[in-house]
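The sequence lines fix the lettering, A, B, ..., with proteins before strands; numbering per chain opens at 1.
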Amino acid sequence: FKVGSLRHVLIYNFVSQIKSSHADKPKKEKENGYVRNTSPAVIKSEPEEDNGFYPSPQHIKTSKRECEYKPKKVKTEHDKKAKKRKHEYEEDEDEDIKPKKKTKDKKVTEGKKSKKEEEEKWKWWEEERYTDGSKWRFLEHKGPVFAPPYEPLPDKVKFYYDGKPMKLNPPAEEVATFFAKMLDHEYTTKDIFRKNFFKDWRKEMTSEEKSKITDLNKCNFSEMSEYFKAQSEARKQMSKEEKLKIKEENERILQEYGFCIMDNHKERIGNFRIEPPGLFRGRGDHPKMGMLKRRIRPEDIIINCSKDSKQPKPPPGTKWKEVRHDNKVTWLVSWTENIQGSIKYIMLNPSSRIKGEKDWQKYETARRLKKCVDRIRNQYREDWKSKEMRIRQRAVALYFIDKLALRAGNEKEEGETADTVGCCSLRVEHIKLYPKMDDQEYVVEFDFLGKDSIRYYNKIPVEKRVFKNLQLFLENKQPEDDLFDRLNTSILNKHLQELMDGLTAKVFRTYNASITLQQQLKELSCSDDSIPAKVLSYNRANRAVAILCNHQRAPPKTFEKSMQNLQTKIDEKQNQLSAARKQLKAAKADHKASHDDKSKKTVEVKRKAVQRIEEQLMKLQVQATDREENKQIALGTSKLNYLDPRISVAWYLCYAFTVTMIVQNEQEVS
DNA sequence: TGCACAACTTAGAAGCCACTTG
DNA sequence: CAAGTGGCTTCTAAGTTGTGCA
């Protein structure tokens with residue numbers, strides 16, 4: 001599990017170092033008049049009750065020093081080098097970067113391979129990074145792919161109002177089809193959805209239509225809905241040739257618009273298609289659900305590319321809103337969306353250099369946190385005793401973020417989005433305190449909706465001082481008041497920045513997720529295990545992380561059924577096994593009687609059969625366990641965003657490498 | 001300090017597609 | 001060959017963080 005042992009293949013570019021002083025410079029709190037139900041700024045002193053549980057001051061010093069560790073070699077990228085990157089990476093043979101030996105070896109072998117393959121395997125991580133804040137030197141692309149224009153319905157497909165057929169003009173008809181396509185979804189039964197939809201739909205109607213259509217309940221979209229269902233059915237029934245044709249066309253579009261040139265490398269674009277118009281579907285109880293998401297036109301689009309590139313052309317007869325050349329950002333295309341008024345971007349694929357570097361950096365920051373997390377924990381424990389309310393609140397919030405992997409929790413504009421919270425925005429109504437619960441003391445019960453309106457429910461025992469502080473924070477407050485009324489994410493992050501360079505609230509999530517994976521792998525793995533058992537161990541470690549981060553999913557619609565199917569298979573296998581065992585017994589008896597070669601062979605054959613079936617049964621059982629445990633848990637998000645891949649690779653190398661394929665998918669490894 | 005805005009990461013659902021299985 | 005399945009990719013909403021300005 002020594003992830004550090006992988007260092008030789010990676011460049012370590014610690015750009016930053018810990019600020020020398022963590023000394024708290026007490027700042028005067030500014031009071032902006034009267035605020036309802038805020039906590040007192042200063043807290044009367046309490047009797048100290050140090051239980052000697054926490055590490056000694058010496059220990060703190062050690063970890064502090066560790067944290068201030070300054071890498072021997074902080075690379076400074078000279079302008080010359082930065083420019084060089086644009087010009088060629090093949091010619092960079094003599095660059096004096098640390099892992100050069102390795103690189104050279106590889107280059108030699110790669111020389112035999114085709115040019116194309118080499119390009120695909122560009123090792124951006126072996127190159128220098130930009131240090132001047134610019135993201136690229138050269139950027140060329142073809143612009144976005146727009147949603148296909150609306151095709152009016154054939155005349156035979158009718159819309160009925162109040163029982164009478166009615167032909168809608170195309171703009172209103174288009175919006176009606178959006179609704180018709182969602183008829184099966186429970187969204188369309190929700191009041192807010194219907195109200196928002198109807199309001200926006202009416203905006204698209206002619207005055208004549210507007211005066212006629214006044215009640216959504218009198219609208220009958222069923223014929224439209226049937227038509228679309230038939231269409232999608234027809235699409236499934238298409239012949240092989242037709243399907244192939246569509247596939248080829250998609251491939252052509254991908255090749256033309258799906259890539260860009262950034263700094264001499266062809267890179268895959270993430271989302272090169274503009275979002276088509278439709279009805280907005282927020283998550284959870286979203287006040288704007290059902291609103292019309294407008295069609296985006298070239299006139300809405302801002303193009304970003306380099307001056308010396310071939311600029312993308314807008315569709316004939318149209319113009320871009322703007323073309324700019326900003327190399328301090330990574331996006332290629334942007335537009336403003338009409339529901340929240342926020343900006344949407346077209347950016348590169350995760351496989352790109354620009355995303356990969358950022359991702360790597362994220363895990364490096366998490367590793368730096370590992371080095372000084374003890375110090376930070378001691379610090380916030382100290383702060384629980386602070387005289388200042390804001391410091392206590394900050395310290396308790398940070399404890400939650402660290403221990404429970406809660407998100408930072410920005411304030412949100414009321415009425416604009418679903419009512420969800422994170423740590424700093426927790427309200428009184430979201431926690432309950434139990435001085436005693438069963439055999440545990442000082443239990444806090446959390447119950448709130450977090451990101452994407454996923455419920456967070458957890459009961460955990462906390463340290464006494466935390467509990468007492470929470471009681472204090474709750475004093476004289478209403479359920480809808482903020483728990484941490486003297487705290488917000490920007491205050492918290494400013495504090496974290498002082499504790500460690502680059503530290504923000506979300507780094508704790510990354511760190512705790514990754515360290516949990518590492519610990520769980522160590523704990524759950526046993527080198528004698530069979531392959532399926534090892535896979536189960538890995539998935540369980542992954543699952544522990546997903547639980548920590550509260551990554552949930554709706555149980556798959558077919559879950560119960562597929563579970564049953566699996567169980568049937570297991571039962572069958574068990575029957576097979578007992579039959580095979582019987583046969584083996586019989587063969588043995590036969591051999592004992594005859595002692596000839598033939599019967600000996602039969603015994604061997606039967607023995608092998610039993611073994612094979614046992615293995616198959618075990619595999620099925622493990623699969624069933626894995627699936628059952630994973631019913632409501634989503635592993636993807638943590639795999640993708642929180643788990644340092646080096647931990648998985650290290651686990652694979654030092655524990656599972658004798659076994660051919662734990663990770664069946666090569667892509668996963670790369 | 002508070003706010004708006006911009007840029008970027010993280011998130012679950014839906015869609016798609018290749019494969020298996022009966 | 002159809003139906004089921006599972007493992008992706010795609011889609012786009014919903015977060016976090018940083019910045020600049022009053």
[X] [atom1] - [N] [atom2] separation (whole Å):
| X | N | atom1 | atom2 | result |
| --- | --- | --- | --- | --- |
| A/Phe559 | C/dG4 | CZ | P | 18 Å |
| A/Lys639 | C/dT9 | NZ | C1' | 15 Å |
| A/Leu348 | B/dA7 | CG | P | 15 Å |
| A/Leu640 | B/dT10 | CG | P | 9 Å |
| A/Ile343 | C/dA13 | CD1 | P | 15 Å |
| A/Arg268 | C/dT10 | CZ | C1' | 10 Å |

Less than 6.0 Å separating the ring centroids of A/His551 and A/Tyr642?
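Yes.
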
Look at the side-chain N and O atoms of [X] and state whether any lies under 4.0 Å from the OP1 or OP2 oxygen of [N].
| X | N | answer |
| --- | --- | --- |
| A/Asn565 | C/dT5 | yes |
| A/Lys362 | B/dC8 | no |
| A/Lys506 | C/dG15 | no |

NA contact type, [X], heavy-atom cut-off 4.0 Å: base, sugar-phosphate, or nothing?
| X | result |
| --- | --- |
| A/Ser342 | nothing |
| A/Lys293 | sugar-phosphate |
| A/Pro276 | sugar-phosphate |
| A/Gly270 | nothing |
| A/Gly450 | sugar-phosphate |
| A/Lys288 | nothing |
| A/Thr420 | sugar-phosphate |

Residues, nucleotides or ligands: over 12 heavy atoms within 6.0 Å of A/Asp326 CG:
yes

Pairing of A/Arg427 and A/Asp419 as salt bridge, 4.0 angstrom limit:
yes

Thinking salt bridges, do A/Arg137 and A/Asp132 make one under a 4.0 Å N-O criterion?
yes

Identify each atom pair where a protein N or O and an N or O of nucleotides 18-22 of chain C are less than 3.5 Å apart, giving names and distance.
none

Taking salt bridge (Lys or Arg N to Asp or Glu O under 4.0 Å) as the definition, give me every residue that meets it alongside A/Lys358, ordered by chain and number, with sequence neighbours left out.
none

Identify each atom pair where a protein N or O and an N or O of nucleotides 20-22 of chain B are less than 3.5 Å apart, giving names and distance.
none

All pairs passing ring pair (Phe, Tyr, Trp, His ring centres under 6.0 Å) where residues 275-298 of chain A contributes a residue, at least two apart:
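Applying ring pair (Phe, Tyr, Trp, His ring centres under 6.0 Å) to every pair that reaches into residues 275-298 of chain A, excluding sequence neighbours, yields A/Phe280-A/His286.
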
Pairs satisfying ring pair (Phe, Tyr, Trp, His ring centres under 6.0 Å), at least one member in residues 390-414 of chain A, at least two apart
A/Trp384-A/Tyr399, A/Phe400-A/Phe446

Does NZ or CZ of A/Lys190 lie under 6.0 Å from the centre of the six-membered ring of A/Phe193, at an angle within 45° of the ring axis?
no

Report the C-alpha separation of A/Phe272 and A/Tyr257 in whole Å, then their side-chain angles, then the decisive distance to 0.1 Å, and conclude whether the ring-ring contact (aromatic ring centres under 6.0 Å, His included) test is met.
CA-CA 7 Å; A/Phe272 56 91; A/Tyr257 294 94; 7.3 Å; no

Given the rule in the side chain to side chain contact (heavy atoms under 4.5 Å, CB included) test, do A/Ile491 and A/Cys424 qualify, once you have shown the distances and angles that lead to the verdict?
CA-CA 10 Å; A/Ile491 295 172; A/Cys424 294; over 6 Å; no

Looking at every non-hydrogen atom in both residues, tell me the closest pair between A/Ile401 and A/Leu492 and how far apart they are.
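Heavy-atom minimum between the residues: CD1-CD2, 3.4 Å.
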
Please check: side-chain N/O of A/Asp200 versus main-chain N/O of A/Leu292, any donor-acceptor pairing under 3.5 Å?
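Yes.
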
For each nucleotide in nucleotides 11-17 of chain B, reading 5' to 3', give B when a protein heavy atom comes within less than 4.0 Å of its base, S when such contact involves only the sugar-phosphate, and - otherwise.
SBSS---

